[in-house]
Engineer: 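If you scroll down you'll find the structure; I have some questions about it.
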Number of protein chains: 2
Amino acid sequence: MREGPDIARIASLIGDPARANMLTALLVGKALTASELAQEAGVTLQTASSHLGKLEQGGLLRQRKQGRHKYFSLASDEVAHALEALMGLAANAGHLRTRPGPADVALREARVCYNHLAGDMGTRLFDSMVARGFLRLRGEDVSLTPAGAHFVRCYGIDLARLEAKRAPLCRQCLDWSERRSHLAGGLGRALLERFEELGWAKRKPDTRIVEFSRRGRAGFDELIARG
Amino acid sequence: MREGPDIARIASLIGDPARANMLTALLVGKALTASELAQEAGVTLQTASSHLGKLEQGGLLRQRKQGRHKYFSLASDEVAHALEALMGLAANAGHLRTRPGPADVALREARVCYNHLAGDMGTRLFDSMVARGFLRLRGEDVSLTPAGAHFVRCYGIDLARLEAKRAPLCRQCLDWSERRSHLAGGLGRALLERFEELGWAKRKPDTRIVEFSRRGRAGFDELIARG
DNA sequence: TGAATGCTTCGATTAACATCGAACTATGAG
DNA sequence: CTCATAGTTCGATGTTAATCGAAGCATTCA
């Protein structure tokens with residue numbers, strides 16, 4: 001055989017616990033410095049540096065220097081997607097790191113996945129937008145319809161600015177907790193930002209949990225009910 | 001942090017070259033014996049036995065004994081999905097195992113992915129069925145519409161038998177070469193079988209390549225053009 | 001200029017694990 | 001029953017790579 005891409009190389013990169021911790025930490029979407037990632041992974045700065053070099057070499061991370069800091073983030077949405085796929089397998093095999101507790105419940109309801117909203121609320125938003133014809137699915141591609149563009153503009157999102165960027169506007173991302181898709185890409189990011197701007201939601205510091213206020217939850221429910 | 005499923009465990013399972021070879025070999029969908037997998041991975045039977053035990057323990061493989069043989073296959077479509085996601089990353093990072101050659105071209109055009117058709121022809125089939133209203137997408141779920149049921153029955157597929165099985169009928173699977181979806185699940189399997197039955201396509205032995213005859217290619221083109 | 005901070009490189013240590021030979025169990029064939 | 005084949009278990013070996021202390025750059029700040 002020996003055909004197709006070399007999967008073991010990438011998988012073994014993810015397979016080290018320290019590196020896996022770094023990658024999952026970066027799933028929140030924020031860029032983190034080498035020191036922060038070292039702490040996240042529970043290793044010293046030296047070993048973290050070695051790990052980060054390998055992850056970047058392997059194309060999983062993107063890095064940018066800023067002064068004497070070095071910021072790392074995931075290289076692409078695809079990396080996040082692959083990580084979530086692995087999480088699905090892990091959850092399925094019952095290898096949860098912790099027994100399902102209150103944090104886990106919150107995580108399943110609403111969490112951040114590389115800067116966009118995932119979990120139950122994320123998939124509900126996605127399904128609603130598809131059902132109302134705001135998003136059109138074609139195979140794996142997702143595109144915003146004219147009606148959808150109107151909808152998000154009314155919600156206060158600067159669509160023109162998003163479209164000017166090079167990153168894809170819409171993309172779907174499979175959810176490990178829900179086994180369904182949620183909206184990724186620039187628009188997904190913008191929507192979560194807007195939720196935070198309006199005070200509907202707030203990220204719980206140092207976790208992937210997104211906490212909705214009572215008012216925010218009501219607003220969200222109405223938003224996906226009829227726009 | 002330390003939240004969410006334990007991803008490193010699964011990834012390190014896939015991260016060993018011998019195990020990765022076994023898993024990719026099983027992507028063709030056929031169940032293989034321990035000896036066959038040992039040869040596929042290029043290791044002796046003893047080490048293969050150890051690897052297979054770990055893979056099964058980790059929930060990636062399913063095994064059934066038959067006489068003095070032990071047959072292994074992937075545990076689920078989800079495993080195949082995760083593997084293809086990793087292939088996407090690997091291909092993206094330029095870590096192709098071999099430089100793109102003739103085999104690679106054939107692989108991108110039509111290959112088998114856990115017993116269903118993938119590659120360019122796989123995604124074209126999927127897109128066509130969505131466009132004609134034979135498949136309906138709802139988030140990550142795919143379902144067969146009444147019109148679609150009529151279509152596949154006319155094509156000679158015993159739908160009742162498929163529906164009787166426990167495995168899901170339709171499922172979408174992301175394609176590493178095309179970055180779009182193709183049809184997985186029982187129906188995807190049945191369609192590929194039917195292509196072979198009609199002499200349209202033939203699997204190239206010991207590879208994932210699917211070769212279409214000239215007649216088969218014509219029939220396929222007509223099938224996805226108007227049914 | 002000197003001190004402090006953030007990160008990298010080097011070297012040595014250690015732990016994990018893939019590998020295989022050899023011995024063992026189980027199933028099937030003659 | 002005897003032999004061959006398929007697979008497992010055990011133990012020894014060798015390699016890989018994760019880890020961290022210490023020293024070395026680079027950047028910023030005073």
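Values below: every heavy atom of this structure, side chains too, minus hydrogens, waters and symmetry copies. Order of the sequence lines sets the chain letters (A, B, ...), proteins ahead of strands, with each chain counted from 1.
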Engineer: Show each protein N/O and nucleotides 28-30 of chain D N/O combination with a separation under 3.5 Å, one pair to a line.
Structural biologist:
none

Engineer: Looking at every heavy atom in both A:L23 and A:L83, which two are closest together, and how far apart are they?
Structural biologist: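 A:L23 and A:L83 have their closest heavy atoms at CB-CD1, 4.0 Å.
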Engineer: A:M22 CE to D:dT19 C1': how many Å, rounded?
Structural biologist: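 Distance check: A:M22 CE to D:dT19 C1' gives 12 Å.
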Engineer: Give every pair of a protein N or O atom and an N or O atom of nucleotides 8-12 of chain D that lie under 3.5 Å apart, one pair per line with the distance.
Structural biologist:
{"residue": "D:dT8", "atom": "OP1", "partner": "B:K70", "partner atom": "NZ", "Å": "2.9"}
{"residue": "D:dT8", "atom": "OP2", "partner": "B:S49", "partner atom": "OG", "Å": "2.5"}
{"residue": "D:dT8", "atom": "O5'", "partner": "B:S49", "partner atom": "OG", "Å": "3.4"}

Engineer: Can you list the residues that meet the salt bridge (charged side-chain N to carboxylate O under 4.0 Å, His left out) rule with A:E197, with sequence neighbours excluded?
Structural biologist: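 In terms of salt bridge (charged side-chain N to carboxylate O under 4.0 Å, His left out), with neighbours along the sequence ignored, A:E197 is linked to A:R194.
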Engineer: Got a sec, which residues hit salt bridge (charged side-chain N to carboxylate O under 4.0 Å, His left out) with B:R217, two or more places apart in sequence or on another chain?
Structural biologist: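 Result, salt bridge (charged side-chain N to carboxylate O under 4.0 Å, His left out) vs B:R217: B:E109.
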Engineer: Mind checking side-chain contact (heavy atoms from CB on, under 4.5 Å) for B:D77 and listing every partner two or more places apart, or none if nothing turns up?
Structural biologist: B:Y114, B:R171, B:A184, B:R189
Engineer: If you walk 5' to 3' along DNA chain C, what is the first nucleotide with an atom under 4.0 Å of a heavy atom in chain B, and what is the last?
Structural biologist: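 The footprint of chain B covers C:dA18 to C:dG28.
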Engineer: Holding to side chain to side chain donor-acceptor pair (under 3.5 Å), I want the full list of residues that pass it with A:S35, two or more places apart in sequence or in another chain.
Structural biologist: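 In terms of side chain to side chain donor-acceptor pair (under 3.5 Å), with neighbours along the sequence ignored, A:S35 is linked to no residue.
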Engineer: Take the protein atom OH of B:Y71 and the nucleotide atom C1' of D:dA6, then report the distance between them rounded to whole Å.
Structural biologist: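 Value for this atom pair: 11 Å.
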Engineer: Run the salt bridge (charged side-chain N to carboxylate O under 4.0 Å, His left out) test against A:E196 and tell me which residues pass, sequence neighbours left out.
Structural biologist: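 A:R203.
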Engineer: Does anything in residues 41-67 of chain B pair up under salt bridge (Lys or Arg N to Asp or Glu O under 4.0 Å), and if so which pairs, sequence neighbours excluded?
Structural biologist: none
Engineer: List in chain and number order the residues that pass side chain to side chain donor-acceptor pair (under 3.5 Å) with B:T33, two or more places apart in sequence or in another chain; answer none if no residue qualifies.
Structural biologist: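 Partners of B:T33 by the side chain to side chain donor-acceptor pair (under 3.5 Å) criterion, ordered by chain and then number, come out as B:E36.
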Engineer: Going by the rule side chain to side chain donor-acceptor pair (under 3.5 Å), which residues pair with A:R153 if we only count those two or more places apart in sequence or in a different chain?
Structural biologist: none
Engineer: Assign A:K65 to base, sugar-phosphate, or nothing according to its heavy-atom contacts below 4.0 angstrom with the strands shown.
Structural biologist: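 Here A:K65 touches no strand at all.
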Engineer: Holding to side chain to side chain donor-acceptor pair (under 3.5 Å), I want the full list of residues that pass it with B:Q63, two or more places apart in sequence or in another chain.
Structural biologist: none
